[in-house]
Asker: 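The structure under discussion is supplied below as structure tokens; questions concerning it will follow.
Note that the structure is a prediction, hence the values are computed from the model and not measured. What's counted below: heavy atoms across the whole structure, side chains too, no hydrogens, waters or symmetry copies. In this chain, residues are counted from 1 in sequence order.
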Amino acid sequence: MEELKRMVAKEALKYVDDDMIIGLGTGSTTAYFIQMLGKKLMTGELEDVYGIPTSHQSRLLALESGVPVVSLDEVDAIDIAIDGADEVDQHLNLIKGRGAALTMEKIIEYRAGTFIVLVDESKLVEYLGQKMPVPIEVIPAAWRAIKEELEVFNATAELRMGVKKDGPVITDNGNFILDAKFERIEDPLDMEIELNNIPGVVENGIFADIADIVLVGTKEGVKKLER
Ligand SMILES: O=C(CO)[C@H](O)[C@H](O)COP(=O)(O)O
């Protein structure tokens with residue numbers, strides 16, 4: 001599994017050129033990409049590349065790996081964004097947010113010229129919601145009301161609890177995460193919009209119609225899926 005992650009991260013480096021601004025996703029697969037990018041910058045194979053982190057995790061790792069970081073309000077455009085995903089359907093719609101960084105990820109990836117997703121083949125699904133819940137970032141005061149309101153969509157939601165921390169997970173933005181298990185998400189774009197219409201929802205982990213390229217790590221090599 002780690003080898004497949006490394007393989008797609010290496011492939012993603014081929015999309016990086018000098019003078020680029022790159023959205024840096026969150027998670028274990030993107031972590032390989034950030035480290036490899038840092039090495040290319042240190043050896044001088046790449047120059048004047050800046051990263052825009054999507055989380056504390058990617059910011060700390062970028063700084064540690066030698067990738068200079070900037071924030072969204074300091075740039076005019078983002079050339080590419082690189083990130084992992086938890087599920088990818090055949091139309092390249094995604095579920096993201098296992099790492100609770102979905103809000104900043106969507107802010108950056110929506111605005112990238114090209115959004116490239118890195119996964120291994122276990123993440124490919126027939127329909128969204130097949131294996132994973134949809135993480136929903138919510139304002140803490142509204143979590144219980146939203147949990148109940150999600151029943152309209154036949155979704156069962158759980159408040160995500162911390163590991164090595166008592167009580168709920170607190171996102172980088174100071175909010176809670178509800179993990180909502182749906183029976184089947186028939187229309188990802190419609191569901192993404194519906195969920196964001198609930199007052200108190202900050203953002204949800206359905207990324208419909210945003211990914212341009214998905215690089216899939218398989219035992220036979222990297223497969224490229226394109227929209
Ligand atoms: O959405 C995410 C974090 O919020 C991650 O990109 C997603 O969970 C994939 O992570 P990994 O590469 O570790 O499997």
Asker: Can you tell if the side chain of Asn196 reaches within under 4.5 Å of the side chain of Val202, non-hydrogen atoms only?
Answerer: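 When only atoms from C-beta onward are counted, Val202 and Asn196 do not touch, as no gap falls below 4.5 Å.
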Asker: Using side-chain heavy atoms (C-beta onward) and a distance below 4.5 Å, is Leu118 in contact with Tyr32?
Answerer: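 With C-beta onward as the side chain, the pair stays apart.
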Asker: Is the backbone of Pro168 close enough, under 3.5 Å, to the side chain of Lys165 for a donor and an acceptor to pair up by distance?
Answerer: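 Checked: pair present.
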Asker: Measure from the side-chain N and O atoms of Asp18 to the backbone N and O of Leu46, and report whether any donor-acceptor pair falls under 3.5 Å.
Answerer: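 Side chain of Asp18 to backbone of Leu46, a donor-acceptor pair under 3.5 Å: no, none is there.
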Asker: I'd like to know if the side chain of Thr54 reaches the main chain of Met104, judged simply by a donor and an acceptor atom lying under 3.5 Å from each other, with no hydrogens or angles considered.
Answerer: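 Judged by distance alone, no pair lies under 3.5 Å.
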Asker: State whether Arg184 and Glu186 are salt-bridged, where the test is any N-O pair (Lys NZ or Arg NE/NH1/NH2 against Asp/Glu carboxylate O) under 4.0 Å.
Answerer: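 A salt bridge links Arg184 with Glu186.
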Asker: How long is the span from the CG atom in Asp179 to the OG1 atom in Thr156, to the nearest 0.5 Å?
Answerer: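 One gets 12.0 Å once the value is rounded to the nearest 0.5 Å.
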Asker: Answer yes or no for Lys96 and Phe207: cation-pi contact, defined as NZ/CZ to six-membered ring centre under 6.0 Å and angle to ring axis within 45°.
Answerer: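 Satisfied, under 6.0 Å and within 45°.
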Asker: Taking all atoms of both residues into account, what is the closest heavy-atom pair of Ser58 and Thr26, and its distance?
Answerer: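 Minimum heavy-atom separation between Ser58 and Thr26: OG-OG1, 4.1 Å.
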Asker: May I ask you to decide if Glu126's main-chain N or O and Gln130's side chain share a donor-acceptor pair within less than 3.5 Å?
Answerer: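 Yes; judged by distance alone, with no hydrogens or angles, the pair exists.
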Asker: Ile116 and side chain to side chain contact (heavy atoms under 4.5 Å, CB included): which single residue from Ile213, Val16, Val214 fits?
Answerer: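 Exactly one candidate clears the test, Ile213.
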Asker: With no hydrogens and no angle check, is any side-chain donor or acceptor of Asp86 less than 3.5 Å from a backbone partner on Arg98?
Answerer: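 Such a contact is found between Asp86 side chain and Arg98 backbone.
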Asker: Tell me if a side-chain donor or acceptor on Thr30 pairs with a main-chain N or O of Phe33 at a distance below 3.5 Å.
Answerer: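 Between the backbone of Phe33 and the side chain of Thr30 there is no qualifying donor-acceptor contact (under 3.5 Å).
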Asker: Taking the side chain from Glu148 and the backbone from Ala145, do they hold a donor-acceptor pair closer than 3.5 Å?
Answerer: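 No: the side chain of Glu148 does not pair with the backbone of Ala145.
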Asker: Nearest 0.5 Å, please: how far is CG in Leu215 from CD in Glu226?
Answerer: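 Glu226 atom CD to Leu215 atom CG measures 9.0 Å (nearest 0.5 Å).
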Asker: Strictly distance-based, threshold 3.5 Å: is any side-chain N or O of Glu158 a donor or acceptor partner for the main-chain N or O of Ala180?
Answerer: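 Judged by distance alone, no pair lies under 3.5 Å.
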Asker: Whether Glu2 and Arg6 form a salt bridge (side-chain N of Lys/Arg under 4.0 Å from carboxylate O of Asp/Glu) is what I want to check.
Answerer: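 No.
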Asker: Any chance you could measure Lys39, atom NZ, to Leu13, atom CG, to the nearest 0.5 Å?
Answerer: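 Result: 10.5 Å between the selected atoms.
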Asker: Are the side chain of Glu203 and the backbone N or O of Leu102 linked by a donor-acceptor pair below 3.5 Å?
Answerer: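 No, the answer is negative, given that no donor and acceptor are paired below the 3.5 Å cut-off.
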Asker: Can a salt bridge be assigned to the pair Glu192 and Lys106 using a cut-off of 4.0 Å between side-chain N and carboxylate O?
Answerer: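 Judged by the 4.0 Å cut-off on N to carboxylate O distance, Glu192 and Lys106 do form a salt bridge.
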Asker: To the nearest 0.5 Å, what is the distance between OH on Tyr50 and CD1 on Ile21?
Answerer: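 One gets 7.5 Å once the value is rounded to the nearest 0.5 Å.
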Asker: Tell me whether Glu109 is salt-bridged to Arg111, with the criterion being a basic N under 4.0 Å from an acidic carboxylate O.
Answerer: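 No, Glu109 and Arg111 are not salt-bridged.
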Asker: Hey, could you give me the CG/CD1 distance between Leu195 and Ile136, rounded to the nearest 0.5 Å?
Answerer: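 One finds 4.5 Å between CG of Leu195 and CD1 of Ile136.
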Asker: Going through the checks in order, is the salt bridge (charged side-chain N to carboxylate O under 4.0 Å, His left out) test met by Glu149 and Lys147?
Answerer: CA-CA 6 Å; Glu149 284 149 12; Lys147 177 178 156 72; over 6 Å; no
Asker: Does CG belonging to Asp166 count more than 12 external heavy atoms closer than 6.0 Å?
Answerer: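 Check fails, neighbour count at 12 or below.
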Asker: Does atom CZ of Arg59 have more than 12 heavy-atom neighbours from other groups under 6.0 Å away?
Answerer: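 Counting other residues, nucleotides and ligands, CZ of Arg59 stays at 12 neighbours or fewer.
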Asker: Rounded to the nearest 0.5 Å, what's the gap from CD1 on Ile52 to OG on Ser71? Could you check?
Answerer: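 Going from CD1 on Ile52 over to OG on Ser71, the span is 7.5 Å.
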Asker: Is it the case that Asn175 and Glu137 place a side-chain donor and acceptor less than 3.5 Å from each other?
Answerer: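 Side-chain D/A pair, Asn175 to Glu137: present.
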Asker: Determine whether more than 12 heavy atoms belonging to other residues, nucleotides or ligands lie under 6.0 Å from atom NZ of Lys40.
Answerer: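 It does not: Lys40 NZ has 12 such atoms or fewer within range.
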Asker: Are any side-chain N or O atoms of Glu87 and backbone N or O atoms of Lys131, one a donor and one an acceptor, separated by less than 3.5 Å?
Answerer: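 Side chain of Glu87 to backbone of Lys131, a donor-acceptor pair under 3.5 Å: yes, one is there.
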Asker: Hey, are the side chains of Leu225 and Leu92 touching, using non-hydrogen atoms and a 4.5 Å cut-off?
Answerer: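 Yes, close enough: below the 4.5 Å cut-off.
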Asker: Around atom CZ of Arg227, are there more than 12 heavy atoms from other residues, nucleotides or ligands closer than 6.0 Å?
Answerer: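 Yes, CZ of Arg227 has more than 12 neighbouring heavy atoms, counting only those of other groups under 6.0 Å.
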